[in-house]
Number of protein chains: 2
Amino acid sequence: MSTQTQSEWAEHALAALADAGYRRGGARTAVVEALAEHDCAVTALDLDEELRRRKPAVGRASVYRALEQLEQLGLVQRIEVCRGTAGFERIDPTGHHHHHAICRDCGKMVPFEDQSLEKALAQVAGTMPFDVTEHDVVLRGRCEHCAR
Amino acid sequence: MSTQTQSEWAEHALAALADAGYRRGGARTAVVEALAEHDCAVTALDLDEELRRRKPAVGRASVYRALEQLEQLGLVQRIEVCRGTAGFERIDPTGHHHHHAICRDCGKMVPFEDQSLEKALAQVAGTMPFDVTEHDVVLRGRCEHCAR
DNA sequence: ACGCTTTTGAGAATCGTTCTCGTTACCCGA
DNA sequence: TCGGGTAACGAGAACGATTCTCAAAAGCGT
Ligand SMILES: [Mn+2]
Ligand SMILES: [Mn+2]
Ligand SMILES: [Zn+2]
Ligand SMILES: [Zn+2]
């Protein structure tokens, strides 16, 4: 079930933050919980809006700070959703993930998975003079609606 | 020879602009010529700096404008080089292209090509409810130097 | 050369993101 | 349980890349 996985990720993330020596703070926890509810990329400002209207309102700075810390710990991945804005998506500890096709006209984002693509990426990564830890793949074009 | 290909691209781009109904303007031509000289991604501000100190100085706005028009016509591809800045790279009319591995610590960018990766991408693109016209692939990690 | 339209560039405006800094909340040790 | 030392927080300022504005300066068909 999806809800199960989500709360598992939140637990996982909070535990990882604790292990990394972070104190337990309300704002950061709120960001983790909000991220857990999204199955695909959200922007920092979307999260900000969601969290601003909370009992103790979460500040913009805290949202960005938490996202950066989560990214640093490999709990969240940043992807370019559109012109100059970053999207954030939780990283499943099992390594299971998806990529996106994005419509250049309306911005619609469709996730996809492909095992042979992953295989090809892994192989290429092995030949690079780099310690490759992640990869971004984005297919760009027009969605069925915008393609007319 | 590389220089040959570069001027060919400039010709190609200028012709395409003309076909699209654009008048021949000095600033835009300068941007095309500057792009032709780069084999890998450059930022708009890098181009701006290169072109600002010209006989008739090219303005920042013109650089961005030209890049947008070139992108629209499929003559240039935009890629995310680092946190919030776009890189621009000319698109070879033959479809020949490369992708990049980027160091998260120093920003070093290494280009690579891989035929089986392209094959996997083409296959995935075919299964999407999208008219996919291009794709971005970025490998992220640490370069040999930063990996210690 | 004329007149209409596109192109151009300096500077202002935007917008996402990051920084600053005084206040608040944790956490650990006494 | 009670500080005291630090980490976390949030409001707002600062930033940097990109976009917008608008008046002046070219193109181009006639
Ligand atoms: Mn993948
Ligand atoms: Mn490719
Ligand atoms: Zn669309
Ligand atoms: Zn490096």
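Reminder, nothing fancy here: chain letters follow the sequence lines and each chain counts from 1.
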Checklist entry - Quick one: are A:Val31 and A:Leu67 in side-chain contact, heavy atoms under 4.5 Å? => result yes
Checklist entry - Got a salt bridge between A:Glu49 and A:Arg53, using NZ or NE/NH1/NH2 to carboxylate O under 4.0 Å? => result yes
Checklist entry - For D:dT18, does either OP1 or OP2 sit under 4.0 Å from a side-chain N or O belonging to B:Tyr64? => result yes
Checklist entry - Between C:dG16 atom P and A:Leu45 atom CG, what is the distance in whole Å? => result 5 Å
Next on the checklist: Base contacts versus sugar-phosphate-only contacts with protein, heavy atoms under 4.0 Å: please encode nucleotides 21-30 of chain D as B, S and - from 5' to 3'.
Outcome noted: -----BBS--
Next on the checklist: For a ring-ring contact (aromatic ring centres under 6.0 Å, His included) check, start with the C-alpha distance between B:His99 and A:His135, then their side-chain angles and the critical distance, and finish with the verdict.
Outcome noted: CA-CA 11 Å; B:His99 295 291; A:His135 54 247; over 10 Å; no
Next on the checklist: Just the rounded figure in Å: distance from P of D:dT18 to CD of A:Glu80.
Outcome noted: 11 Å
Checklist entry - For A:Arg54 and D:dG10, what is the distance between atoms CZ and P respectively, to the nearest whole Å? => result 11 Å
Item to check | side-chain N/O A:Arg28 vs D:dA8 OP1/OP2, d < 4.0 Å | outcome: yes
Item to check | Interatomic spacing from OG in A:Ser62 to CG in A:Leu47 - rounded to 0.5 Å | outcome: 12.5 Å
Next on the checklist: With a 4.5 Å cut-off on side-chain heavy atoms, are B:Arg90 and B:Leu75 touching?
Outcome noted: no
Checklist entry - Taking CG from B:Leu17 and P from C:dT8, how many angstroms apart are they, rounded to a whole number? => result 10 Å
Checklist entry - Are OP1 or OP2 of D:dG10 and a side-chain N or O of A:Ser62 less than 4.0 angstrom apart? => result yes
Checklist entry - Taking CZ from B:Arg52 and P from D:dA17, how many angstroms apart are they, rounded to a whole number? => result 12 Å
Next on the checklist: Rounded to whole Å, how long is the line connecting atom CD of B:Gln69 with atom P of D:dT19?
Outcome noted: 12 Å
Next on the checklist: Using a 6.0 Å cut-off, check whether atom CD of B:Glu113 has over 12 heavy atoms from anything other than its own residue.
Outcome noted: yes
Item to check | Atom pair distance, as rounded to whole Å: CZ in B:Arg83 and P in C:dG16 | outcome: 17 Å
Item to check | Whole angstrom value for the distance that separates C1' of C:dT18 from CD of A:Gln72 | outcome: 14 Å
